Structure formats: C-alpha cells, structure tokens
Amino acid sequence: MELTQTNGKLSKRTKWSYSLGGIGRDMTYQLVATFFLTYVQYAVGLTPAQFSVIGIILIIGRVWDAVNDPIMGAIIENTKSRWGKFKPWILIGAILTAVVIVFMFNLRPMGNNGWNYVIFFAVIYFLWEIAFTMNDISYWSMLPSLTTDEKERNSVTTLAVVFAGVGAFAANAGINFLTVGNAIKGYSMISIVIAVFLIGCQVLTVFGVKQTVQATGELPDASRQEEKVTFKKILQVIKGNDQLLWIILAMLLYNVGSGLLVALGYNFLYMELGYNGLLATIFVATFGVSNIGIQALYSKFANKLGRKKLLFYSFIFIVAGYLLLFLTDLLPFLPMSIITVCIFGVLSFGGQAIFYMILTVNIANTVEYNEYRTNERNEAVIFSLRPFMAKMASALQQGFVTLVLVTSGIYALSQNVTFLENQKAYFDRLDATEQAEYKLHIQNREVILDSDEYKSLTAEEKETYYDMLNEVTFSLNEKTGKEEMFINDTADMFFKDQSTGFMRWYLRTAITLVPILLIYFSYLVLKKKYKIDEEMYQRMIKEIEARKTLPEAGV
C-alpha cells in the first residue's frame, strides 16, 4: 500500500480522489434529505394525517440513526483489512445506498387507502439510514487521517466541502428542472442517475486515496494487540473531550437553523413565485455558485483573518440575508421577485457556507485535542458525531417542517398540485386513443374520479378536481403521435393564487426568523466555549510530535 505523509504535503491524487468523492455523496444526500418529503408531498397523495405520520417516522428514524452513528464509528475503528478500516465501509455503504434510493423513488404501493405507502416509507427509510450511515461515517472519519498539517487540512477540507457543494448544487438544480410539473417520471429518472454517480464517485475515493499506516486499520502483526473500541469507550471519548461536546452542540443548533430555508424553501418559491422549475433552478444556481466560490476561498480567508473573525463576519451576512428576505414585499423598494430572493439568498447561504466550513475544521481539530489529552486519536468515534448531530438536527427539523406544513394548511392546499402531477403521469402512459377518451371524460366530468383512490372525495371536491383538469393544456408530440399534459399554470391557479396571507407569513417566519435565532445561539457557543484557535492548535501539534520522538531519543 502506498503511503501519504501525515505532517507534510498531501499528494494531488489523494486530495482530489477524496474530495471528488463528495459529489456523488451529496447528490444522494440532497435527493433524500431535501426532496424525499417534497416528493411525498407533491407526488404521492396522502391525507394530512398520513403525512403527519410520515413526519413522526422521520423524527424517530433520524433519532435512531443519530444514536446508531457512534456505534458505526466503533465498528469502523475495530475493522481490520488489507484496505484499511475506512475503505471497505465506504464502498459497501455506497452500493447499498444506490440500490435503496432507486427503490425509494420508483415504488409507490398505494393500497389500503394510502397506508401501505406509509408502511413502505418506514421500511425504505430505515434501510436508507443503515446504508448511508456505513458510507457517511467512514468517508468523513478518513479526513483527519490524511494529514495533521493545519494548512493541508484546511485545504483538503475546503476542497471536500466545495465538491460536496457541487454535488448538492447539481442535485438541487437537476431535481428542480426535471420534476416540477413532471414529478413522478422526473424523480424516477433522477434517482437512477444519482445512484450511478454515487457509486462512481465512491469508487474513485476508495481506489484513489492513499492513507497513512497509523490510521488505516490494516491487518496487524500477530504480535500486536490493539484495544477494541466498545460502547463504553465511545462514551469515554465523548465525555472526556469538552471541546468536542461544545462543537457538537454548536453544530446541532446550526444544522437545525441553516436547514430550514432549504427544507421549506421550495414551498416558499412555489407559493410566492409560482410552480416553476426554471425559477427554482435559477435560485439554486445562484446560491450554489456563490457557495462554491466562497467555500473555495475559505483557506485564504481563514489564513488571513483567523477563524474567530471569520465566524463573526459570516454571522453578520447570515442575519442580513434572512432579515432582508423576511422584509421582502413589506417595503416598496423590496418587491418579491426571483432577483430579490436570489440576492438575499446569496447573503444568507454565503454566510452559512463559511460558518459550516469553520464548524467542520473545528470538529477535525478536536481529534488532535483528544490525542493531546489522552494520547488517542479516535477519528471514527469523533467524526461519527458530525453526522450524529446532523441527523439529530434533521429529526428536529423534519418535525418542525411537518408541523408548519400541516398546521398552516399548506400541505392540504398542495394536494391540488399532487392530484395534477398524478393525472399527468397517468395521461402520459396512455396511448393516443386512450388519451382522446381521457380528454372526453374531462369534458363530461366522469370516470376519472371513480376509482377507489378517490372514493373518499366529497361531491364538491370532485367538482374542484374536474375544474382543475379543465384548466390544463395539451400539446401534440408529432414524433410519437401522443399528447403531453402541461399542469404548471393550473397548479398556480389552485395553489399559489389560493394561498392565504396567514400561510405566507407563517412560512416566511419559519424560514427566516427561526434560523436567525438558532444560528445566533450556535455562534454564542463557539464564541464563549470553543478555545482551539490557530495558536493552541499549533501548540498541541508540537506537543504531540515531541511525545512521539521521546522513545527515539532514548528517553
């Protein structure tokens, strides 16, 4: 096995192979974490009660997944193979995750009045958590083992987060472009494409990264016995590292707050600007490009300003962006448009990009802090807490999102769009003769709503649905001889135009003022309690290196 220096320059091969792996990973994560609930809302068609149960399943699942992360970290620490302790789990997790997401967005068992889908959701989401955890913990746990040089670590961390941002941007843009107005077919296609990207990117990481002997978990010599990592050991590591405890609290607060705009943002765009995939893609492209650009410059900013000053400036940008977005339409010089939304998005997301980079570097530095205090690194255990906090935050976030959508009435109103999406998917599967019959049924207001799926509708609701179908437009595809249904304008009529002021301001408060409050508490924790600055980090590294040279000096 080829080796990488732990306290020198990283090879380009290792740096790029590790970082590029993040593209497929974050494409996958965005598909599930950001869009699975949106897919359920706009493509499946459940009752508010069933959607609420889905929200509860998400909370329970994310809490269990968070608790399971340190256990996976222990399994990785105890892994011995010719490929090291990280790489086997990176590859196994990637393959299993790819299979799961294809099933997730291509199967929709809707029997038993929709409750069969709720059961399917619980099973497939549980499988997703197991598979992705294998990959996620092992991938991020590998980062501290690549180098202990602070500048090199900043560099590879920056590159990894930048390419993770590229993956997140590509997924958000592609999903919006392909699914809005064509949700069922669009999600089916994009899940397959992302599954292929995930496996390809992780294969690159597994076979491209060169690791250090000290951190690989290679098969030991027969004469060498290493301590097994037990659950008790995990608790000892966490309890004995005060800086780790503070950083994971700050990360929890940040992750809940920063994720709300994304989690509820598409409902905001559809309600304020319209059910338009192009506008959503423009918004994603704006914040994606700005995020990637800012993250790419993180190393220069951090080296020049230091993390403490940089953290303060990033927080100011975050607050400015969210406050201006909240005030849009309240002030005459701040009209609601894709331009104003994008400008304010750049401020908030740009600030969050720097904030997140600082959190990532800070938690990496607690590995050396742990070694400084205990002579043990425990990378996998420590880095398992990063996704642990992300998933705990996601549990709280999903509960909040479900609460907002259901109690505001937005979810119930959005089912008008879900009906249109399902009718479009059905219409597109018909042959030309069947399509002509379908259009005749729309005119006569008959047959279409006679199936068991719609038996619970009242006569008034059926009239509303037929009204919607009479507003959709059709276009003939001369190559296939079939027609295509277009639903976007109709969706605006029965979602955007029917939304109330209460719905709009409830949603706007949830995606602006609540994030400001949570990120402010995260900032306070970092400012008051986290003490590993650049100077202290260098002192720790010198002390650790000095200890390692003592036996060689005959001490």
Side-chain angles (χ1 to χ4, degrees), residues 28-75 93 96-97 99-101 103-105 107-137 191 231 234-235 238 248-249 251-260 262-264 267 384-408 410-412 510 514 518:
T28 305
Y29 185 78
Q30 289 298 317
L31 176 63
V32 179
T34 301
F35 287 98
F36 195 21
L37 197 62
T38 303
Y39 167 78
V40 172
Q41 181 182 356
Y42 286 98
V44 176
L46 301 175
T47 65
Q50 290 167 339
F51 186 74
S52 298
V53 173
I54 291 287
I56 294 171
I57 292 171
L58 283 171
I59 295 171
I60 296 172
R62 295 308 265 178
V63 170
W64 157 247
D65 198 22
V67 172
N68 188 47
D69 281 348
I71 299 175
M72 189 66 221
I75 293 173
L96 293 178
T97 299
V99 173
V100 168
I101 63 172
F103 282 111
M104 186 178 280
F105 291 95
L107 295 180
R108 296 193 308 148
M110 295 302 296
N112 195 22
N113 295 321
W115 287 106
N116 282 1
Y117 183 83
V118 176
I119 297 171
F120 167 77
F121 182 97
V123 173
I124 201 69
Y125 193 74
F126 178 73
L127 293 175
W128 143 262
E129 289 173 336
I130 294 174
F132 192 74
T133 295
M134 292 178 185
N135 177 270
D136 194 41
I137 301 298
S191 66
F231 188 69
I234 294 172
L235 295 179
I238 296 172
I248 61 176
L249 174 59
M251 191 167 277
L252 174 66
L253 294 166
Y254 168 81
N255 283 337
V256 176
S258 65
L260 290 177
V262 174
L264 289 166
N267 279 281
S384 70
L385 295 175
R386 185 200 61 82
F388 173 87
M389 281 299 101
K391 291 167 185 176
M392 285 296 291
S394 180
L396 297 172
Q397 184 187 109
Q398 296 294 351
F400 183 75
V401 167
T402 304
L403 180 68
V404 170
L405 292 177
V406 173
T407 58
S408 66
I410 293 172
Y411 177 79
V514 174
L518 290 169

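Source: prediction; values computed, not measured.
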Asks: Is a side-chain donor or acceptor of Asp136 paired with a backbone partner of Phe132 at a separation under 3.5 angstrom?
Replies: no
Asks: Considering all heavy atoms of both residues, which atom of Val63 and which atom of Met392 are nearest to each other, and what is their separation?
Replies: CA-SD, 4.2 Å
Asks: Determine which pairs satisfy salt bridge (charged side-chain N to carboxylate O under 4.0 Å, His left out) with at least one residue from residues 45-54, sequence neighbours left out, and list them in order.
Replies: none
Asks: Decide side-chain contact (heavy atoms from CB on, under 4.5 Å) for Tyr125 and Val32; before the verdict, give the C-alpha distance in whole Å, the side-chain angles of both, and the deciding distance to 0.1 Å.
Replies: CA-CA 9 Å; Tyr125 193 74; Val32 179; 4.2 Å; yes
Asks: Among Ile59, Leu518, Leu252, Asn255, which residue satisfies the side chain to side chain contact (heavy atoms under 4.5 Å, CB included) criterion with Leu396?
Replies: Leu252
Asks: Can you give me the closest heavy-atom contact between Ala510 and Val404, atom names plus distance?
Replies: CB-CG2, 4.1 Å
Asks: For Gly93 versus Met134, what's the shortest heavy-atom pair and its separation?
Replies: CA-CB, 3.8 Å
Asks: A side-chain contact here means heavy atoms from C-beta on lying under 4.5 Å apart; do Val118 and Phe121 qualify?
Replies: no
Asks: Show the nearest heavy-atom pair for residues Gln397 and Val256, with the distance to one decimal.
Replies: NE2-O, 3.8 Å
Asks: Is any side-chain heavy atom of Tyr39 closer than 4.5 Å to one of Leu31?
Replies: no
Asks: Can you tell me how far the CG atom of Asn135 sits from the CD1 atom of Ile130, to the nearest 0.5 Å?
Replies: 14.5 Å
Asks: To the nearest 0.5 angstrom, please state how far the CD atom of Gln41 sits from the CD1 atom of Ile54.
Replies: 12.0 Å
Asks: Would you mind writing out the side-chain donor-acceptor pairs for residues 42-51 within the sub-3.5 Å range, not counting sequence neighbours?
Replies:
| unit_1 | atom_1 | unit_2 | atom_2 | d |
| --- | --- | --- | --- | --- |
| Tyr42 | OH | Asn267 | OD1 | 2.7 |
| Thr47 | OG1 | Gln50 | N | 3.1 |
| Thr47 | OG1 | Gln50 | OE1 | 3.4 |
| Gln50 | OE1 | Thr47 | N | 3.0 |
| Gln50 | NE2 | Asn113 | O | 2.8 |

Asks: What pair of heavy atoms forms the shortest contact from Gly55 to Thr402, and how long is it?
Replies: CA-OG1, 3.5 Å
Asks: With under 30° as parallel and over 60° as perpendicular, where do the rings of Phe120 and Tyr117 fit, or are they tilted in between?
Replies: tilted
Asks: On a heavy-atom basis, which atom in Glu129 and which in Trp64 lie closest, and how many Å separate them?
Replies: OE1-CD1, 4.1 Å
Asks: Could you work out, with side chain to side chain contact (heavy atoms under 4.5 Å, CB included) as the rule, every residue matching Val100, not counting sequence neighbours?
Replies: Met104, Ile124, Leu127, Trp128
Asks: Less than 4.5 Å apart, side chain to side chain, heavy atoms only: is that true for Leu405 and Leu264?
Replies: yes
